[in-house]
Amino acid sequence: MMKLGCMSLSYKQEFADGLLDLEGFIERAYQLGLDGIDLHTGAFASTEEDYLRALRMQALKRGLALSYIGVSSNFGKPQNELAEEVATAKQWIDTAAFMGIPLVRVFAAWVPPGDTEEAVWARMMPCLQEVAAHGQSKGVVVGLHNHNHGCVTRTGKDVRRIIDGVDNPYFSHILDTGQYVGSPGASGARGQEDPSLDFYGSIAETAPLAVHVRCKIYRIQSGVEEWLDYPRILEILRGVNFNGWLSIVYEGQDVEAEATAVPKAVRYLRGLLAE
(Lines give C-alpha, C1' and ligand atoms only; values in the text may rest on other atoms or scores of the structure.)
Protein backbone atom coordinates (compact mmCIF):
# COMPACT_ATOMS: atom_id res chain seq x y z
CA MET A 1 0.00 0.00 0.00
CA MET A 2 1.37 3.40 -0.97
CA LYS A 3 1.84 5.76 1.95
CA LEU A 4 1.28 9.52 1.99
CA GLY A 5 3.77 11.98 3.43
CA CYS A 6 4.85 15.59 3.15
CA MET A 7 8.19 17.33 2.68
CA SER A 8 9.10 20.17 5.05
CA LEU A 9 9.75 22.39 2.00
CA SER A 10 5.99 22.40 1.42
CA TYR A 11 5.99 24.99 4.21
CA LYS A 12 9.18 26.80 3.17
CA GLN A 13 7.53 30.21 3.49
CA GLU A 14 6.28 29.55 7.01
CA PHE A 15 9.73 28.24 7.98
CA ALA A 16 11.37 31.32 6.46
CA ASP A 17 8.97 33.65 8.29
CA GLY A 18 9.62 31.96 11.63
CA LEU A 19 6.04 30.72 11.86
CA LEU A 20 6.97 27.03 11.81
CA ASP A 21 9.81 24.78 12.96
CA LEU A 22 10.30 21.04 12.75
CA GLU A 23 8.44 20.43 15.99
CA GLY A 24 5.50 22.38 14.61
CA PHE A 25 5.76 20.60 11.28
CA ILE A 26 5.47 17.24 13.01
CA GLU A 27 2.30 18.43 14.74
CA ARG A 28 0.93 19.80 11.45
CA ALA A 29 1.54 16.46 9.75
CA TYR A 30 -0.22 14.64 12.57
CA GLN A 31 -3.23 16.93 12.31
CA LEU A 32 -3.37 16.31 8.55
CA GLY A 33 -3.49 12.54 9.09
CA LEU A 34 -0.28 11.89 7.18
CA ASP A 35 1.74 8.70 7.45
CA GLY A 36 5.16 10.31 7.52
CA ILE A 37 7.34 13.30 6.73
CA ASP A 38 10.54 14.20 4.90
CA LEU A 39 12.99 16.68 6.39
CA HIS A 40 15.15 19.10 4.45
CA THR A 41 18.49 19.89 6.07
CA GLY A 42 17.62 23.59 6.12
CA ALA A 43 14.74 22.94 8.52
CA PHE A 44 16.95 21.50 11.27
CA ALA A 45 17.64 23.95 14.09
CA SER A 46 20.61 21.86 15.18
CA THR A 47 22.31 18.51 14.76
CA GLU A 48 22.96 18.13 18.48
CA GLU A 49 22.01 14.67 19.62
CA ASP A 50 19.47 15.78 22.24
CA TYR A 51 17.59 17.79 19.59
CA LEU A 52 17.62 14.90 17.13
CA ARG A 53 16.42 12.47 19.80
CA ALA A 54 13.56 14.81 20.69
CA LEU A 55 12.43 15.06 17.06
CA ARG A 56 12.53 11.30 16.65
CA MET A 57 10.56 10.74 19.84
CA GLN A 58 7.95 13.35 18.92
CA ALA A 59 7.44 11.74 15.52
CA LEU A 60 7.21 8.28 17.09
CA LYS A 61 4.58 9.42 19.58
CA ARG A 62 2.58 10.94 16.73
CA GLY A 63 2.86 7.75 14.71
CA LEU A 64 4.79 9.45 11.91
CA ALA A 65 7.61 7.82 9.99
CA LEU A 66 10.68 9.93 9.18
CA SER A 67 11.17 8.83 5.60
CA TYR A 68 14.18 10.78 4.36
CA ILE A 69 16.54 13.72 4.86
CA GLY A 70 17.00 15.97 1.85
CA VAL A 71 20.54 17.20 1.13
CA SER A 72 20.92 19.86 -1.59
CA SER A 73 24.24 18.65 -2.96
CA ASN A 74 25.98 19.73 -6.15
CA PHE A 75 28.83 17.51 -7.31
CA GLY A 76 29.40 19.65 -10.38
CA LYS A 77 31.29 22.29 -8.44
CA PRO A 78 35.00 22.91 -9.11
CA GLN A 79 37.28 20.10 -8.01
CA ASN A 80 38.64 22.01 -5.00
CA GLU A 81 35.10 22.36 -3.57
CA LEU A 82 34.00 18.75 -3.93
CA ALA A 83 35.56 17.40 -0.75
CA GLU A 84 33.28 19.69 1.24
CA GLU A 85 30.21 18.57 -0.75
CA VAL A 86 31.06 14.93 -0.08
CA ALA A 87 31.72 15.60 3.61
CA THR A 88 28.37 17.36 3.99
CA ALA A 89 26.49 14.46 2.42
CA LYS A 90 28.32 12.02 4.69
CA GLN A 91 27.49 14.08 7.78
CA TRP A 92 23.78 13.96 6.95
CA ILE A 93 24.00 10.23 6.31
CA ASP A 94 25.43 9.94 9.82
CA THR A 95 22.55 12.04 11.15
CA ALA A 96 20.03 9.84 9.35
CA ALA A 97 21.63 6.72 10.81
CA PHE A 98 21.48 8.22 14.31
CA MET A 99 17.78 9.05 13.88
CA GLY A 100 16.88 5.74 12.28
CA ILE A 101 15.97 7.39 8.95
CA PRO A 102 16.54 4.94 6.08
CA LEU A 103 17.12 7.32 3.17
CA VAL A 104 19.08 10.48 2.30
CA ARG A 105 18.37 12.48 -0.86
CA VAL A 106 21.17 13.91 -2.97
CA PHE A 107 21.26 15.89 -6.19
CA ALA A 108 23.78 14.98 -8.87
CA ALA A 109 25.43 18.01 -10.47
CA TRP A 110 24.80 21.29 -12.24
CA VAL A 111 26.99 22.30 -15.16
CA PRO A 112 28.78 25.59 -14.40
CA PRO A 113 28.90 28.27 -17.12
CA GLY A 114 31.75 27.59 -19.50
CA ASP A 115 32.18 24.00 -18.35
CA THR A 116 31.25 20.85 -20.26
CA GLU A 117 28.84 18.15 -19.21
CA GLU A 118 31.50 15.50 -19.84
CA ALA A 119 33.90 17.18 -17.40
CA VAL A 120 31.14 17.51 -14.80
CA TRP A 121 30.30 13.80 -15.09
CA ALA A 122 33.97 12.92 -14.61
CA ARG A 123 34.05 14.91 -11.33
CA MET A 124 30.60 13.84 -10.16
CA MET A 125 30.73 10.06 -10.47
CA PRO A 126 33.57 9.42 -7.96
CA CYS A 127 31.77 11.68 -5.46
CA LEU A 128 28.51 9.78 -5.79
CA GLN A 129 30.35 6.46 -5.47
CA GLU A 130 32.06 7.66 -2.30
CA VAL A 131 28.82 8.94 -0.79
CA ALA A 132 26.99 5.73 -1.69
CA ALA A 133 29.74 3.64 -0.10
CA HIS A 134 29.42 5.69 3.09
CA GLY A 135 25.66 5.17 3.05
CA GLN A 136 26.19 1.45 2.67
CA SER A 137 28.57 1.41 5.63
CA LYS A 138 25.91 3.13 7.77
CA GLY A 139 22.92 1.19 6.48
CA VAL A 140 21.41 4.30 4.89
CA VAL A 141 20.27 4.33 1.26
CA VAL A 142 21.30 7.31 -0.87
CA GLY A 143 18.53 8.41 -3.23
CA LEU A 144 19.33 10.25 -6.46
CA HIS A 145 16.76 12.98 -7.10
CA ASN A 146 15.99 13.80 -10.74
CA HIS A 147 16.09 17.51 -11.56
CA ASN A 148 16.17 19.83 -14.56
CA HIS A 149 17.21 23.52 -14.66
CA GLY A 150 20.77 22.71 -15.68
CA CYS A 151 21.16 19.55 -13.62
CA VAL A 152 22.48 16.42 -15.34
CA THR A 153 19.43 14.35 -14.33
CA ARG A 154 17.04 15.89 -16.85
CA THR A 155 15.66 12.63 -18.23
CA GLY A 156 14.99 9.11 -17.09
CA LYS A 157 17.88 7.85 -19.21
CA ASP A 158 20.25 10.26 -17.38
CA VAL A 159 19.11 8.88 -14.02
CA ARG A 160 19.52 5.29 -15.16
CA ARG A 161 23.01 6.02 -16.50
CA ILE A 162 24.14 7.46 -13.16
CA ILE A 163 22.62 4.68 -11.06
CA ASP A 164 24.16 2.03 -13.31
CA GLY A 165 27.52 3.82 -13.14
CA VAL A 166 27.57 4.15 -9.36
CA ASP A 167 26.69 0.45 -9.13
CA ASN A 168 25.97 0.24 -5.42
CA PRO A 169 22.86 -1.43 -3.92
CA TYR A 170 22.62 1.48 -1.46
CA PHE A 171 22.36 4.01 -4.30
CA SER A 172 18.79 4.28 -5.49
CA HIS A 173 16.26 6.76 -6.88
CA ILE A 174 13.93 9.40 -5.48
CA LEU A 175 11.48 10.17 -8.27
CA ASP A 176 10.24 13.76 -8.55
CA THR A 177 7.03 13.92 -10.58
CA GLY A 178 7.57 17.54 -11.61
CA GLN A 179 11.27 17.78 -12.34
CA TYR A 180 11.93 15.90 -15.56
CA VAL A 181 12.55 18.09 -18.59
CA GLY A 182 9.30 18.86 -20.39
CA SER A 183 7.27 19.00 -17.18
CA PRO A 184 5.08 22.07 -16.59
CA GLY A 185 7.07 22.59 -13.41
CA ALA A 186 10.57 22.08 -14.83
CA SER A 187 10.18 23.74 -18.22
CA GLY A 188 11.14 27.29 -19.06
CA ALA A 189 7.50 28.34 -19.35
CA ARG A 190 6.00 27.22 -16.06
CA GLY A 191 2.58 25.69 -16.42
CA GLN A 192 3.13 24.50 -19.99
CA GLU A 193 4.07 20.92 -20.76
CA ASP A 194 6.33 20.23 -23.75
CA PRO A 195 4.89 16.98 -25.15
CA SER A 196 7.87 16.52 -27.46
CA LEU A 197 10.08 15.95 -24.41
CA ASP A 198 7.78 13.26 -22.95
CA PHE A 199 8.39 13.80 -19.25
CA TYR A 200 5.77 11.16 -18.41
CA GLY A 201 8.00 8.78 -20.37
CA SER A 202 10.89 9.70 -18.08
CA ILE A 203 8.70 8.99 -15.06
CA ALA A 204 7.87 5.58 -16.53
CA GLU A 205 11.58 4.98 -17.29
CA THR A 206 12.67 5.33 -13.66
CA ALA A 207 9.54 4.32 -11.75
CA PRO A 208 10.86 0.74 -11.42
CA LEU A 209 13.96 2.14 -9.68
CA ALA A 210 12.17 4.47 -7.28
CA VAL A 211 12.18 3.91 -3.54
CA HIS A 212 10.38 7.22 -2.86
CA VAL A 213 8.21 9.57 -4.93
CA ARG A 214 8.06 13.34 -4.46
CA CYS A 215 4.59 14.46 -5.55
CA LYS A 216 4.94 18.03 -6.74
CA ILE A 217 1.87 20.18 -6.28
CA TYR A 218 1.81 23.43 -8.25
CA ARG A 219 -1.82 24.52 -8.67
CA ILE A 220 -4.34 23.04 -6.24
CA GLN A 221 -6.76 25.95 -5.69
CA SER A 222 -9.66 23.93 -7.15
CA GLY A 223 -8.82 20.88 -5.05
CA VAL A 224 -7.31 19.12 -8.07
CA GLU A 225 -3.68 19.46 -9.20
CA GLU A 226 -3.88 21.33 -12.50
CA TRP A 227 -0.34 21.06 -13.92
CA LEU A 228 0.41 17.36 -13.37
CA ASP A 229 -1.82 14.42 -14.30
CA TYR A 230 -1.80 12.39 -11.09
CA PRO A 231 -4.24 9.71 -12.25
CA ARG A 232 -1.76 9.00 -15.07
CA ILE A 233 1.23 9.10 -12.69
CA LEU A 234 -0.45 6.71 -10.26
CA GLU A 235 -1.25 4.36 -13.12
CA ILE A 236 2.49 4.29 -13.94
CA LEU A 237 3.41 3.62 -10.31
CA ARG A 238 0.81 0.91 -9.87
CA GLY A 239 2.02 -0.66 -13.10
CA VAL A 240 5.43 -1.28 -11.52
CA ASN A 241 3.92 -2.33 -8.16
CA PHE A 242 5.36 0.69 -6.36
CA ASN A 243 4.68 0.27 -2.64
CA GLY A 244 6.53 3.20 -1.10
CA TRP A 245 6.06 6.83 -0.19
CA LEU A 246 4.18 9.52 -2.06
CA SER A 247 5.38 12.72 -0.46
CA ILE A 248 3.73 16.07 -1.11
CA VAL A 249 6.07 18.88 -2.14
CA TYR A 250 4.02 22.06 -2.52
CA GLU A 251 5.48 24.73 -4.82
CA GLY A 252 2.53 27.00 -5.51
CA GLN A 253 3.25 29.62 -2.86
CA ASP A 254 2.94 32.36 -5.49
CA VAL A 255 -0.78 31.67 -5.91
CA GLU A 256 -2.02 30.10 -2.65
CA ALA A 257 -0.82 30.02 0.94
CA GLU A 258 0.67 26.81 2.27
CA ALA A 259 -1.80 26.60 5.15
CA THR A 260 -4.74 26.10 2.77
CA ALA A 261 -3.01 24.45 -0.19
CA VAL A 262 -1.27 21.55 1.57
CA PRO A 263 -4.49 20.21 3.18
CA LYS A 264 -6.12 20.30 -0.28
CA ALA A 265 -3.22 18.28 -1.66
CA VAL A 266 -3.60 15.73 1.14
CA ARG A 267 -7.31 15.30 0.42
CA TYR A 268 -6.70 15.09 -3.32
CA LEU A 269 -4.01 12.42 -3.19
CA ARG A 270 -5.80 10.46 -0.46
CA GLY A 271 -8.83 10.35 -2.75
CA LEU A 272 -6.80 9.07 -5.69
CA LEU A 273 -5.12 6.44 -3.54
CA ALA A 274 -8.51 5.19 -2.38
CA GLU A 275 -9.76 4.60 -5.93
Side-chain angles (χ1 to χ4, degrees), residues 7 9 12 16 40-43 68-93 104-135 142-168 170-203 205-206 209-210 214 216 218 227-228 249 251 253-254:
M7 213 305 167
L9 286 176
K12 63 182 179 182
H40 189 270
T41 60
Y68 82 79
I69 295 176
V71 180
S72 294
S73 54
N74 177 8
F75 298 110
K77 289 182 176 181
Q79 190 68 47
N80 62 353
E81 298 178 29
L82 290 179
E84 183 177 356
E85 288 292 298
V86 169
T88 297
K90 287 181 176 181
Q91 288 164 9
W92 284 106
I93 287 169
V104 165
R105 183 282 305 275
V106 296
F107 291 128
W110 277 261
V111 180
D115 210 340
T116 67
E117 192 155 326
E118 291 77 11
V120 166
W121 274 72
R123 297 197 299 271
M124 170 190 75
M125 291 301 291
C127 295
L128 291 175
Q129 289 168 335
E130 183 175 349
V131 169
H134 187 73
V142 177
L144 177 66
H145 179 178
N146 59 288
H147 213 284
N148 188 28
H149 304 303
C151 193
V152 299
T153 48
R154 294 182 294 270
T155 71
K157 286 182 172 53
D158 295 328
V159 169
R160 278 191 171 273
R161 179 185 168 194
I162 294 172
I163 290 175
D164 288 345
V166 172
D167 191 25
N168 186 306
Y170 275 73
F171 191 71
S172 192
H173 177 39
I174 293 176
L175 171 58
D176 191 310
T177 59
Q179 278 296 344
Y180 277 124
V181 65
S183 158
S187 61
R190 280 174 59 82
Q192 297 181 20
E193 177 187 347
D194 187 339
S196 70
L197 295 171
D198 188 23
F199 86 97
Y200 288 108
S202 281
I203 291 174
E205 175 92 17
T206 61
L209 305 176
R214 289 165 52 98
K216 283 290 176 62
Y218 296 106
W227 285 11
L228 299 179
V249 186
E251 289 193 357
Q253 286 87 349
D254 55 326

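Since the model is a prediction, treat every value here as computed from it, not as a measurement.
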Yes or no on side-chain contact (heavy atoms from CB on, under 4.5 Å) for Tyr170 and Val142, after CA distance, side-chain angles and deciding distance? CA-CA 6 Å; Tyr170 275 73; Val142 177; 5.9 Å; no

Please evaluate residues Gln129 and Asn168 with respect to the criterion side-chain contact (heavy atoms from CB on, under 4.5 Å), reporting the C-alpha separation (whole Å), side-chain torsions for both, the decisive distance (0.1 Å), and the verdict. CA-CA 8 Å; Gln129 289 168 335; Asn168 186 306; over 6 Å; no

Full working for side-chain contact (heavy atoms from CB on, under 4.5 Å) between His40 and Arg105: CA-CA 9 Å; His40 189 270; Arg105 183 282 305 275; 3.6 Å; yes

Arg154/Glu117 under salt bridge (Lys or Arg N to Asp or Glu O under 4.0 Å): CA gap, chis, key distance, verdict: CA-CA 12 Å; Arg154 294 182 294 270; Glu117 192 155 326; 3.1 Å; yes

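Judged purely by distance below 3.5 Å, without hydrogens or angles, the side chains of Ser183 and Tyr200 never pair a donor atom with an acceptor atom.
Taking CD from Glu193 and CZ from Phe199, the interatomic distance works out to 5.0 Å, rounded to the nearest 0.5 Å. Atom CZ in Phe171 sits 4.5 Å away from atom CG in Leu128 (nearest 0.5 Å). Residue Tyr180 holds its OH atom at 4.0 Å from CG of Asn146, rounded to the nearest 0.5 Å. Interatomic distance, Gln91 CD to Ile69 CD1, rounded to the nearest 0.5 Å: 12.0 Å. Atom CD in Glu205 sits 5.0 Å away from atom CZ in Arg160 (nearest 0.5 Å). The OG atom of Ser172 sits 9.0 Å away from atom CG of Leu144, with the distance rounded to the nearest 0.5 Å.
Taking both residues in full, the closest heavy atoms of Pro184 and Leu228 are given as CD-CD2, 3.9 Å, listed atom of the first, atom of the second, then distance. The heavy-atom pair separating His145 from Thr153 by the smallest distance is O-OG1, 3.6 Å. Nearest heavy-atom pair, Val152 versus Asp158, reported as atom, atom and distance to 0.1 Å: O-CB, 3.2 Å. Nearest heavy atom pair, residue Asn74 against residue Leu82, reads O-CD2, 4.2 Å. Contact detail for Ala210 and Leu175: the closest heavy-atom pair is CB-CB, 3.9 Å. Across all their heavy atoms, Pro112 and Val120 have their closest contact at CD-CG2, 3.7 Å.
For Tyr68, the ring-ring contact (aromatic ring centres under 6.0 Å, His included) test picks out His212, with sequence neighbours left out. Annotation: salt bridge (charged side-chain N to carboxylate O under 4.0 Å, His left out) contacts of Glu251 (sequence neighbours excluded): Lys216. For Ser73, the side-chain contact (heavy atoms from CB on, under 4.5 Å) partners are Val71, Phe75, Glu85, Val106, Phe107, not counting sequence neighbours. In terms of the ring-ring contact (aromatic ring centres under 6.0 Å, His included) criterion, residue partners of Trp227 (sequence neighbours excluded) are, by chain and number, Tyr218. By the salt bridge (charged side-chain N to carboxylate O under 4.0 Å, His left out) test, Asp164 pairs with no residue at all, sequence neighbours left out. Residues passing the ring-ring contact (aromatic ring centres under 6.0 Å, His included) test with His173, sequence neighbours excluded: none.
The residues Glu84 and Lys77 are annotated as not salt-bridged, no charged nitrogen and carboxylate oxygen being separated by less than 4.0 angstrom.
You'll find the side chain of Lys90 reaches within 4.5 Å of the side chain of Glu130, heavy atoms only. Side-chain contact between Met124 and Ile162 is present, with at least one heavy-atom pair separated by less than 4.5 Å. Side-chain contact between Gln179 and His149 is present, with at least one heavy-atom pair separated by less than 4.5 Å.
Ring centroid separation for the pair Trp110 and His147 comes in under the 6.0 Å cut-off.
Side-chain atoms of Thr177 come within 3.5 Å of backbone N or O of Arg214 as a donor-acceptor pair.
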